[in-house]
Structure formats: structure tokens, C-alpha cells
Amino acid sequence: MLYESLCAVTTTPPLSCESIALSLTDKNQQGEITSNLALQLASKLGLAPRTLATTLQKHLQDNPHIRTVDVAGPGFLNLTLTPTFWHQQLQALLAVKTPLTCAIGNNERVNLEYVSANPTGAMHVGHARGAVFGDVLANMLQASGYDVTREYYINDAGEQINHLIASTLWHYQTLAGRTPPKPENFYPGDEIKHCAQDLYRQHGKAPLALLDQAPPTRTQTLRRHVTDSMLAIIRQDLACLRIRHDVFSSEEELHRSQAIEASIDTLTKKGLVYEGTLPPPKGKEDETWRPTPTLLFKAQQFGDEQDRPLKKDNATWTYFAADIGYHQNKLARGFTTLMNIWGADHSGYRARLQGAVQALSNGQAQLKVLLMAMVRLTVEGKHVKISKRSGNVITLRTLVEETSADAVRFMMLTRRHDAPLVFDMQTAIQEKRENPLFYVQYAHARCCSVLRQPLAQKILAQTDAPKSTPPGTPPLSSLTAEHEIALIKVLACWPYFFEKAVLALEPHRITYLLTMTAESFHSLWSQGKQNHQLRFLDENDSERTADRLALIQATQRILKAGLALLGITAMDELRDND
RNA sequence: GGCCCCGUAGCUCAGUUGGAUAGAGCAACGGACUUCUAAUCCGUGGGUCGCACGUUCGAAUCGUGCCGGGGUCGCCA
């Protein structure tokens, strides 16, 4: 809204300025709002930046919201706005029912695929990051008017599942009193053992009947049982982080329904599939490499480094082929924007799938791939190795149990998705400034604490009823202290920054803004300790108190709404009253 | 070796998509509780934004080349 009002004022020169970005508030002495508008427009208009800035300055001076306009440096416009302007921003904020929403989505259907961990056991710490990221991004998109479907792709076909099935069968046979040789690629982990035990129990009366089944039938039975029980574990893990999906899609289903054939067929008709041989990997010696002709997708046409195989040597479809079928399926369901959240180890896979989506949709749909960088866990500052081989895997569940779902959700979003993240177990649960979630919750609790006071209740009851402000005085006009205005600015910028965060697909900006808001509020709070004039509640001045309560209400609502986007419930009270 | 991501204070990281004198937290030091919750706040010190060119009024941000870290490189998913 700052943005718009400024644009409206500056459209006086003969050029639209929609595409020109303004920079917002800065806390130093260069005005409250600074704009590089003149610098940007000057070259287009063929004017010197400073002369353009000066003409703009003359127009802007007439604006009643603007107190001072300065031209500085090469042609910056530094504006100082009237307190009334900020009061109006605050009022506008209080007038909206749901503070953090916008309408940029236009009901566009977005398919957001995240987690999609292989159903091979419990989820670990790395999965948690992608899970939280996807979940919060979905929240943000929904709040912005997108029609979001949260999706999970179950990799229940392929070799890994075959290993799982073989391992389960081995456990099963052992339970039945037999001593079969351990299969190759035996899958360690208690989950498989439990899985076999469950199955044994179900077949209690005639456990050996399963072993007597013909191998294809037996495999089918085992497959369903294994994937079901692994998926149950995953769903529980996700549930303890309060993460949900709307749709679970099965890879196996794609194989069964001939969906893969159909999609490859589509690509073949477009002339993008051929039988060929790939060159050997460059710069890497591999004696086992043999040139083998296979079915290839022309990924190079879409910017990939090379064409990519669709069939394995054993004539079954590759994972890529199945994924093409899957994304064809997404497109068929009417999605034009697809977003996939992957671990950074899949970066080499991005170009080929984007190519496939482009080909399948004739360039009508786009696939955005967001790669999650690694998570490192520390305990008391020391790194905990997360390695599957050492069996030292910290599971998602352990992490949540030792901290909390709220802590994991917040901490996982304190960094950009493509930057590595260090998660410190102590910090996540500490009730200290350096735990940002606590810091934000504390600010919210403090807001609630003030609003709970009898005096506050009394004044709120008065202002809620008739309009008690005397006519002629603008509302909220008593909020003039530096720290009060500073807090209003932070609050007023939220809608703008929220929108930017959505467009950038960057949930971490929400945690950052929450921390900034809490900081500004805590700072204002402490002012009241130095200077009692700045305390929120003053029984001798109900006007000022009412205005300050409005500011606190706005702060409280923004904090609550921001936390809600993160899937975290704001706390009204933090201290135990024992 | 090819490709992708990253490199910002001693440590962990932001930096509003090209703006002015680059910001937080932790760690160090010094202050503020007759309270609307001091679980907080205020202040001080701390920088060749990996290096070098280039693009322009202007670069942590964009381009190219190096250096360093991580990931990945047909028949794993």
C-alpha cells in the first residue's frame, strides 16, 4: 500500500512506473522511505537523474502524507511521511480480518510435491527440512489465493522395494523356523523385522501358506504389505510434525496402469524418443562401463547435458520413465504449475524432468524444482554424524521428541532452502533470545499479557462499543514516540514482504520477519521501563492507552498470523504459574 | 574431468532480486528490574562480502575466469 500510494503520486510524469521497484524503510537518517525511481527512469526519459528527481520532488511535496522530500546522492528520493500516514497504515491493518493474505494466486492450480521419501523405513532429519519447507510453502500459496494440492509420490516400485520384499521374506522364513540364506542387499533396520512379524501374526493360523504361494503372488502380497506398513510409519512421522498431504500417488500404480507406456508414446510421437547409445562418463574411469543401446529421451534439446535413458538393461522402465508418466498424470489433472521439493543430491535430475514436462505440455506448464541443502545436527555445539552405515541415524521422530514439532518447524525455516542448515538441539528448546521461536512466542505472550490486564479490558470494552474518539481528532494520533512509529512501520510492511516471500517461494523470510517484529516489540516494551510515559497502560489517559492497545492488538495479530503460516500455534502465556 | 549449489564479523547466518556508511544472533566487555513477564532491553568492539577482471551513474547481488567446500555423473530412487 505504501508502494501504491507512492506510485500513484509519481505517475505524474509521462511514464508508467509499475515496473520500477521502490526500496522501503530504512532505519537510518535517509528519510523513512527511499526510492531509486529517478535513477531507474532517467535513462528511459533521457534526463539527468538529479533533474528528474527534482521535478518529482516538487510534485511529491504537495502530497499531504509526505512531510519532507529530499534529493540525495546521484538522485535518490528520500521521503519522510507524516505520523498520520503511519496511523492510517495501522488502522488499515486492524480493519482486515485476515492480515496475511493476498490475491496474487488467482485460483491458479498448483501441484506441490514434497517429502516423497522412499518407503523404506523411518524418516530422518534431512526429510524433516523438505517436509516443513513444502508444508509452509503450501500454506503461503494458499493464503495468496493459489489452489494448492499437496502431493506425495510413493516410490513403491523398483529395486529398493524388491530388496525390502526379499528382506521381509527372509525375516518371515526365520520366524517360520527356517534358515534361508540372507539375500543380497539385505535391508537392515528393525522396521523390516516388525513388518515381517506383523505379517506372520496375520497369517497366524497358516503362516507357511504364504511360503507355498507361487513367487509372483507371494511377491505381490509382500509388496502390498511392505509398502503399506512402511507408509504407515512415514505417515506417523509426518503427523508428529503436523504435516499432511492431499494426494498420495503410487509409482507402482503407474506401472500397472500402462501410464508410463502412454506418456513415452506421447513423447515418441513428438520425435523425442530414440534408440541410441550414450557416451561413457567423462573424466571418470569405470571399467564396468559397456556401450549398450537403449531407449533415450532427447533431454539435450531442453538444455540437459545429455540424453537420458528410459529403459534399463533388463528392459524395465527407469525411474525417469516412471516419473515422466507421473508428471503426465499431474498435467492431465489440470495443473499448470508444478513444484517439486527435492534433496540437493537430485540436482542432476532436474534438467531432464523439466525437459520432459516442457515436452509433454508443449511448453504450457512449468516445473519448478526447489533443492533442499543438507541439515547438520549439533548437540552442545558438537556435530552429530548422520550416517546410515554407522546406524547413527537421528530419526525425525527422535528430533521432534527431544525438541518439539514447533521448534523443528521454525528452526528448519531459518535458512534459505539452498543453504546448509545447522540445527542445534539445545538452542531449539532453550528459552532464550537466541532461540528465535521462543523470542517470537514471548513477544506474542507479552502482547496477550497486556491485553489481559483489567484496565486494558475495560478500555477495550469501551472502544468496542460506540466510537469514543472525540470528533475531529484523527484515530491513533497519540502514537508518536520513535519506537512506536518504528513498530508500526514493521507491521505495515508485512503485507508487502509477505507477498515478496510468496513470489520468491521463500518461507524463511517469514521466520525472519517474525523475529524482526518481535525485536521491535520487545524494544518498545523495554522503553517503558526507562520512561514510564511510554508504558502501554495509563489509567489517567484512556485515549493514549486505547491507541497503544490498538498497536498491541495489531502486533499480536501479525505475530499470530505469521506463526499460523508456519503451522505453529501462538502461545497466550509462557510462564507456568506454579 | 563435465554439470548443479554454496563461499558475507572469531562462530551460525540475514541482506527486501542492482542502491547510499553491508546487518542480526552467539561469543567478549559495560550498563538497565518499586514490572504491562529482566525468559527482556540498551551500549561498545569486531569486515579486502573467497580472489581477479568485466557490465554502469552504482555490484555482496548480474557476466566471465580462477581458488575453496558440498552434491552429482547409464542399468539407485
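Being a predicted model, the structure only gives us computed values, none of them experimental.
Rounded to a whole Å, the CG atom of D345(A) is 9 Å from the P atom of rC73(B). When rounded to the nearest whole Å, the span between CZ of R290(A) and C1' of rC75(B) equals 13 Å. The distance between atom CZ of R415(A) and atom P of rA14(B), rounded to the nearest whole Å, is 5 Å. One interatomic measurement links the two molecules: NE2 of H417(A) to C1' of rC13(B), which rounds to 16 Å at whole-angstrom precision. Between F498(A) atom CZ and rU16(B) atom P there is a gap of 18 Å when expressed in whole angstrom units. Distance Q430(A) CD to rG25(B) P: 15 Å, rounded to the nearest Å. Between the CZ atom of F410(A) and the C1' atom of rG25(B) there is a distance of 13 Å, rounded to whole Å. Atom pair I341(A):CD1 and rA77(B):C1' shows a separation of 18 Å (rounding to whole Å applied).
Using a 4.0 Å heavy-atom distance criterion, G528(A) is classed as a base contact. Here T292(A) lies in heavy-atom contact (under 4.0 Å) with a base. Nucleic acid contact for R535(A): base, since at least one base atom lies under 4.0 Å from a heavy atom of the residue. Residue contacts shown for P436(A) are absent, as no nucleic acid heavy atom lies under 4.0 Å away. If you check every strand for non-hydrogen atoms under 4.0 Å, A373(A) touches nothing.
Look at the P atom in both rC57(B) and rA14(B): the space between them is 32 Å, to the nearest Å. Across the P atoms, rG25(B) and rU72(B) are found 36 Å apart, a figure rounded to whole Å. When the P atom is compared between rA9(B) and rG50(B), the two are found 8 Å apart, to the nearest whole Å. Taking the P atoms as reference points, rG18(B) lies 11 Å from rU61(B), given to the whole Å.
Base pairing analysis places rC3(B) opposite rG71(B); the two distances defining the Watson-Crick or G-U wobble pair are each below 3.5 Å. Pairing for rU21(B) is absent, with no Watson-Crick or G-U wobble pair whose two atom distances lie under 3.5 Å. If you check rA14(B) for Watson-Crick or wobble pairing at under 3.5 angstrom, you find it has no partner at all. Of the nucleotides present, none pairs with rC36(B) by Watson-Crick or G-U wobble criteria with both distances under 3.5 Å. Across all strands shown, rG63(B) forms a Watson-Crick or G-U wobble pair, both distances under 3.5 Å, with rC53(B). With a cut-off of 3.5 Å on both pairing distances, the Watson-Crick or G-U wobble partner of rA28(B) is rU44(B).
With salt bridges taken as basic N to acidic carboxylate O contacts below 4.0 Å, none links E151(A) and K330(A).
Each of K432(A) and Y319(A) lies near RNA chain B, and the nucleotide nearest K432(A) is the one positioned closer to the 5' end. Mapping R350(A) and L537(A) onto RNA chain B by nearest heavy atom places R350(A) at the nucleotide closer to the 5' end.
Counting only heavy atoms from C-beta on, Y439(A) has its side chain closest to rU40(B) among rC5(B), rG71(B), rU40(B). Taking only side-chain atoms of E519(A), from C-beta outward, the nucleotide of rG25(B), rC57(B), rC4(B) with the closest atom is rG25(B). Among the nucleotides rU40(B), rA77(B), rC6(B), the one closest to the side chain of D418(A) is rC6(B). Of the listed nucleotides (rA77(B), rA20(B), rC3(B)), rC3(B) has the atom at the smallest distance from the side chain of E305(A). You'll find that the side chain of Y512(A) is closest to rA14(B), out of rA14(B), rC26(B), rC36(B). With distances taken from any side-chain atom of R509(A) to the nucleotides rA77(B), rG15(B), rA20(B), the minimum falls on rG15(B). Here the side chain of P74(A) is nearest to one of rC36(B), rC57(B), rU16(B), namely rC57(B). Considering only the side chain of Q530(A), rA32(B) comes nearest among rC13(B), rG74(B), rA32(B). Comparing rU12(B), rG74(B), rG25(B) by their closest approach to the side chain of L278(A) singles out rG74(B). Comparing rG15(B), rC26(B), rU16(B) by their closest approach to the side chain of R416(A) singles out rG15(B).
T316(A) has no side-chain polar atom (N or O) that falls below the 4.0 Å cut-off from OP1 or OP2 of rC75(B). Contact between the side-chain N/O atoms of R433(A) and the OP1/OP2 oxygens of rU40(B) is not found at any separation under 4.0 Å. For the pair K312(A) and rA77(B), the criterion of a side-chain N or O lying under 4.0 Å from OP1 or OP2 is met.
Under the 6.0 Å cut-off for aromatic ring centres, H163(A) and Y187(A) do not qualify, their centroids lying 6.0 Å or more apart.
Because its NZ or CZ atom is both nearer than 6.0 Å to the ring centre of W317(A) and within 45° of the ring axis, K311(A) counts as a cation-pi partner of that residue. Cation-pi check for R446(A) over W525(A) is met; the charged atom lies under 6.0 angstrom from the ring centroid and within 45 degrees of its normal. For R548(A) and F536(A), the positive end is not near the middle of the six-membered ring at less than 6.0 Å and at most 45° from its axis.
Applying the 3.5 Å distance criterion, the base of rA20(B) shares a donor-acceptor pair with the side chain of N78(A). In this model, a side-chain donor or acceptor of T34(A) finds a partner on the base of rA20(B) within 3.5 Å. Taking only distance into account, the side chain of H508(A) never meets the base of rA14(B) through a donor-acceptor pair shorter than 3.5 Å. With hydrogens and angles ignored, no donor-acceptor pair closer than 3.5 Å exists between the side chain of T294(A) and the base of rG74(B).
A heavy-atom distance below 4.5 Å is found between the side chains of I161(A) and R223(A).
Distance alone, capped at 3.5 Å, is enough to place a donor-acceptor pair between the R129(A) side chain and the A373(A) backbone.
In the model, N314(A) has a side-chain atom that pairs as donor or acceptor with a side-chain atom of T316(A) under 3.5 Å.
Annotation for K298(A): atom NZ counts as buried by contact number, over 12 foreign heavy atoms lying within 6.0 Å.
rU17(B) shows a glycosidic angle within 90° of 0 and is accordingly assigned syn.
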